Amino acid sequence: MPSSPLETMLRDSVWASTLPADELDQVVRESYERRVPAGASLMRTGEPADHWFGVIDGLLKMSVSTPDGRQSTFTGVTAGGWAGEGSLLKLSRWRYDGVAVRESRIACMPRHTFERLVSTQIGFARFLLNHLNARLSLFIGLVEYDRLFGPDARLARCLATLFNPDLYPRAGQFVALSQEEIGLLAGLSRQRANESLHVLQRAGLLRVEFGGVTVLDLAGLRSFSAPGVPAGRLAAGQR
DNA sequence: CCATTAAACACCC
DNA sequence: GGGTGTTTAATGG
């Protein structure tokens with residue numbers, strides 16, 4: 001039988017290989033797919049966390065907005081990535097919005113399924129530890145770069161996180177994301193993001209394309225402007 | 001003083 | 001129609 005994109009997504013996930021076959025079958029039966037149009041919310045701040053979400057295709061962003069309309073994007077989740085375990089583990093409500101940047105197909109695993117895996121499958125728990133650790137290190141890096149480096153390095157770093165192999169094992173080298181969205185990710189205005197992108201392009205780390213960016217040198221992006229390494233550049237006032 | 005940004009604009013996909 | 005590249009005036013550190 002031909003398996004659906006949902007089933008493929010589930011069975012190809014890193015944690016799937018740690019489960020007994022019958023348990024994995026059960027997970028596949030209990031999960032379902034949801035299509036989210038561009039701009040629509042998958043989860044909203046304050047609503048009860050009742051599913052674990054995996055991105056089959058498309059792109060999800062995690063963001064918050066203030067009452068006066070300003071917004072900040074923490075990170076994006078690309079194809080193959082999972083999100084929402086934090087609020088799920090706490091049995092609480094979402095602490096941020098999950099918005100589809102473009103039309104996306106999402107794998108939805110009910111909370112009770114997630115709970116069963118966490119409490120009965122040591123391999124799954126091990127995966128979650130690794131996953132949480134990867135996210136923790138992502139956000140530590142974010143604070144580090146936010147405090148030590150300028151806009152170009154911050155943007156480089158934020159882009160690189162979208163290609164983190166621990167979180168998104170199936171990332172290609174192109175991400176379809178407008179420069180406005182990239183700016184939101186890095187905390188920059190659109191035209192400043194545009195300028196930074198071209199700085200990075202001139203450095204040979206990526207290629208600016210229409211409606212997205214192709215990464216040419218992921219390691220270079222990740223360490224852009226980082227001191228310490230051989231021939232490392234120094235912090236502060238770039239340009 | 002200098003970098004950044006919002007707003008506005010004209011192309012281009 | 002949305003994304004992109006630029007200019008301009010305003011803003012804030």
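If you're wondering where the values come from, they're calculated on a predicted model, not measured in any experiment. Below, read A as the first sequence line, B as the second, and so on, with proteins coming before strands; counting in each chain starts at 1.
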Side chain proximity check, [X] to [Y], heavy atoms < 4.5 angstrom:
X	Y	value
A:Pro169	A:Val14	yes
A:Ser104	A:Leu60	no
A:Leu185	A:Leu162	yes

Has the side chain of A:Ser178 got a donor or acceptor atom that lies under 3.5 Å from a matching backbone atom of A:Glu181?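 Yes, A:Ser178 side chain to A:Glu181 backbone: donor-acceptor pair under 3.5 Å.
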Any sub-3.5 Å donor-acceptor pair from A:Thr113's side-chain atoms to A:Arg111's backbone N or O?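 Checking the backbone N and O of A:Arg111 against the side chain of A:Thr113, no donor-acceptor pair under 3.5 Å is found.
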Counting any heavy atom closer than 4.0 Å, what does A:Glu209 reach on the DNA or RNA strands: base, sugar-phosphate only, or nothing?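 If one applies the 4.0 Å heavy-atom cut-off, A:Glu209 turns out to touch the sugar-phosphate alone, with no base involved.
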Counting any heavy atom closer than 4.0 Å, what does A:Gly183 reach on the DNA or RNA strands: base, sugar-phosphate only, or nothing?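 No contact at all - A:Gly183 keeps every heavy atom at 4.0 Å or more from the nucleic acid.
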Length of the [atom1]-[atom2] vector between [X] and [N], whole Å:
X	N	atom1	atom2	result
A:Leu188	B:dA3	CG	P	16 Å
A:Asp152	B:dT4	CG	P	8 Å
A:Glu181	C:dG3	CD	P	8 Å
A:Glu180	C:dT4	CD	C1'	11 Å

side-chain hydrogen bond (donor to acceptor under 3.5 Å, both in side chains) with A:Asp57: which residues, sequence neighbours excluded?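 With sequence neighbours excluded, A:Asp57 shows a side-chain hydrogen bond (donor to acceptor under 3.5 Å, both in side chains) to A:Arg105, given in chain and number order.
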Give a yes/no on whether any side-chain N or O of A:Arg192 is located under 4.0 angstrom from OP1 or OP2 of B:dT5.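 Looking at the OP1 and OP2 atoms of B:dT5, neither is under 4.0 Å from any side-chain N or O of A:Arg192.
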Filtered N/O pairs between nucleotides 5-12 of chain C and protein, under 3.5 Å:
unit_1, atom_1, unit_2, atom_2, d
C:dG5, OP2, A:Gln179, OE1, 3.4
C:dG5, OP2, A:Gln179, NE2, 2.8
C:dG5, OP2, A:Asn194, ND2, 2.5
C:dG5, N7, A:Arg190, NH1, 3.2
C:dG5, O6, A:Arg190, NH2, 2.7

